[in-house]
Protein chains: 2
Amino acid sequence: MAGVRDQKKKQTRAAILKAAVKLFSRQGYEQTSIDQLARAAGIGKGTVYSYFQTKSEIFLAFCEEQLEFINRELAARSNPEAPLLQQLLTFFQGEFRFVSRNREFGRIFLRETVFPKDFTGERARQLDDKYIDILIPIFKQAQARGELRTDLELIVVTGHFYALYIMTVSAWYMGRLHSEEDVAMGMELLFEQALRGLAPIKAREAAAHGAGK
Amino acid sequence: MAGVRDQKKKQTRAAILKAAVKLFSRQGYEQTSIDQLARAAGIGKGTVYSYFQTKSEIFLAFCEEQLEFINRELAARSNPEAPLLQQLLTFFQGEFRFVSRNREFGRIFLRETVFPKDFTGERARQLDDKYIDILIPIFKQAQARGELRTDLELIVVTGHFYALYIMTVSAWYMGRLHSEEDVAMGMELLFEQALRGLAPIKAREAAAHGAGK
DNA sequence: CGATAAAAATGACCGCGGTCGAGTTTTTCC
DNA sequence: GGAAAAACTCGACCGCGGTCATTTTTATCG
């Protein structure tokens with residue numbers, strides 16, 4: 001029927017991804033050749049390219065799975081009542097943990113995500129739509145609690161914090177921040193700076209005290 | 001003498017870079033092979049690798065020259081009396097112009113700069129030390145004029161704005177911002193948001209009015 | 001079922017970035 | 001000046017990512 005062929009295609013695609021997870025994890029991205037990947041998936045090299053257009057696309061699919069998982073976990077663990085700063089830190093620090101677990105993966109992933117090739121642009125946009133979906137509700141609640149100005153476009157606010165997150169990670173890759181604690185502290189510092197401007201006037205005094213070191 | 005050999009080395013290095021400028025500009029980075037580059041510089045392929053460790057290193061050297069030039073120009077053209085927001089926008093918009101002139105160059109450059117490989121880390125750090133050298137004086141003047149809080153580590157402030165710049169450029173690469181004007185507006189929006197928190201209390205009203213559209 | 005057309009799998013092949021040992025030039029030292 | 005050592009140049013070579021003409025599998029229909 002209509003499904004027979006398509007089903008096999010799904011299976012093959014899954015086999016490739018499974019092999020990718022195994023090999024990438026074991027020997028790293030650069031050290032895994034497409035040929036090797038194909039063998040591990042039980043198919044020929046050329047076949048891989050009828051499922052994915054490029055090697056990095058396979059990698060992105062792999063990362064998406066991982067991130068999906070992590071994001072679900074983070075969402076479940078988050079506390080909607082906590083102060084905004086707290087929630088943001090928890091979220092982004094979780095995100096960073098994924099990156100820091102494997103430096104190389106994270107680098108490739110971020111490079112591709114933050115500065116995508118024109119062709120990968122669509123994928124990248126979907127990816128950080130996920131960020132938006134997660135963060136916007138948090139911001140709305142914060143607005144309701146009076147922790148965040150209500151005259152802002154929340155998508156821009158998302159971009160603002162995401163930017164600071166990226167910068168912190170970048171500092172880590174450049175060797176300016178070393179440990180996970182350094183990163184956490186750097187992020188907190190930047191977030192506080194941002195919040196002082198993002199919080200409505202009434203809340204500013206509180207933010208300055210409560211969040212200030 | 002001591003200089004004979006060394007001088008020739010300088011010449012060869014320069015020849016490689018010159019060839020790189022020509023070929024990269026004419027046919028793009030990916031489309032230029034090392035072999036081609038070597039021929040154009042009048043040397044063998046292997047020799048190239050005794051001057052640069054990798055292709056992207058050649059590219060970075062090329063970018064550094066360009067940026068050096070652009071930064072000098074921007075510095076000369078800048079007006080130390082102008083409002084902080086104005087100066088920042090001028091600077092980063094100039095920076096962006098370099099990137100937008102050639103999408104591909106900019107992407108590779110930013111990828112390598114923001115998320116450097118461990119080996120390239122040193123180079124990347126030097127590069128954004130340049131940013132620091134340029135921006136810190138601007139911030140100090142702004143502090144003197146009362147436009148910027150004086151209780152901040154200026155290096156973190158630099159990071160903050162640089163982060164927002166990176167984010168804006170990223171949005172451009174992802175196709176969320178299209179024209180140079182879009183980018184300029186997005187940047188201004190983010191910078192204003194940041195400034196509201198960065199400016200000392202007395203200046204906040206002014207910033208909100210003067211900078212608000 | 002057998003013939004035929006469409007879809008999918010394949011691996012030889014291409015050009016590339018990067019390596020390496022053999023060959024060449026320069027320096028050093030007597 | 002000449003011989004040994006050190007520094008430098010080179011292009012054949014390697015494995016890779018990606019392509020494509022060919023072969024193999026599957027669906028369709030008389």
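The figures that follow rest on heavy atoms only: side chains count, while hydrogens, waters and symmetry mates do not. Proteins get letters first, then strands, A, B, ... in listed order; numbering begins at 1 in each.
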Open item on the list: Enumerate the salt bridge (charged side-chain N to carboxylate O under 4.0 Å, His left out) contacts for residues 96-109 of chain A, please, sequence neighbours excluded, ordered by first and then second residue.
Closed with: A:R97-A:E180, A:R103-B:D118, A:R107-B:D118
- [ ] Can you tell me which residue pairs pass the salt bridge (charged side-chain N to carboxylate O under 4.0 Å, His left out) test with a partner in residues 26-38 of chain A, sequence neighbours excluded?
- [x]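 Residue pairs with at least one partner in residues 26-38 of chain A: A:D35-A:R39.
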Open item on the list: Does this structure show an ion pair linking B:R176 with A:D128, if we count only N-O contacts that are shorter than 4.0 Å?
Closed with: yes
Task: A:E64 bridged to A:R123 by N-O distance under 4.0 Å - done: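 Result for this pair is yes, salt bridge flagged.
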- [ ] Kindly determine whether B:F92 and B:F191 satisfy ring-ring contact (aromatic ring centres under 6.0 Å, His included), including the steps that lead there.
- [x] CA-CA 11 Å; B:F92 281 112; B:F191 281 11; 5.7 Å; yes
- [ ] Check salt bridge (charged side-chain N to carboxylate O under 4.0 Å, His left out) between B:R13 and all other residues, then give those that pass, not counting sequence neighbours.
- [x]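 B:R13 satisfies salt bridge (charged side-chain N to carboxylate O under 4.0 Å, His left out) with no residue once adjacent residues are dropped.
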Open item on the list: Using ring centroids (six-membered ring only for Trp), state whether A:F105 and A:F62 fall under 6.0 Å.
Closed with: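 Yes: the rings meet the under 6.0 Å criterion.
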Open item on the list: Ring centres under 6.0 Å, that's the criterion: do B:Y162 and B:Y131 meet it?
Closed with: yes
Task: Nearest-angstrom distance from the residue atom CD1 of A:I43 to C1' of D:dT23 - done: 17 Å
Open item on the list: Counting only side-chain nitrogens and oxygens, does B:Y51 get under 4.0 Å of the OP1 or OP2 atom of D:dT9?
Closed with: yes
Task: Atom NZ of A:K130 with >12 non-hydrogen neighbours under 6.0 angstrom - done: yes
Open item on the list: With a 4.5 Å cut-off on side-chain heavy atoms, are A:L88 and A:L135 touching?
Closed with: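 When only atoms from C-beta onward are counted, A:L88 and A:L135 do touch, with a gap below 4.5 Å.
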- [ ] Please round to 10 degrees the angle between the axis of the first five pairs and the axis of the last five pairs in the helix from C:dC1-D:dG30 to C:dC30-D:dG1.
- [x] 10°
Task: Heavy-atom protein contacts under 4.0 Å, nucleotides 14-21 of chain C, coded B base, S sugar-phosphate only, - none - done: --SBBB--
Open item on the list: Can you list, in residue-number order, the parts of residues 14-24 of chain B that come under 4.0 Å of DNA chain D, counting heavy atoms only?
Closed with: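 Result for residues 14-24 of chain B: none.
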Open item on the list: Students often get this wrong, so: under 4.0 angstrom with heavy atoms, is B:F52 touching a base, only sugar-phosphate, or nothing?
Closed with: nothing
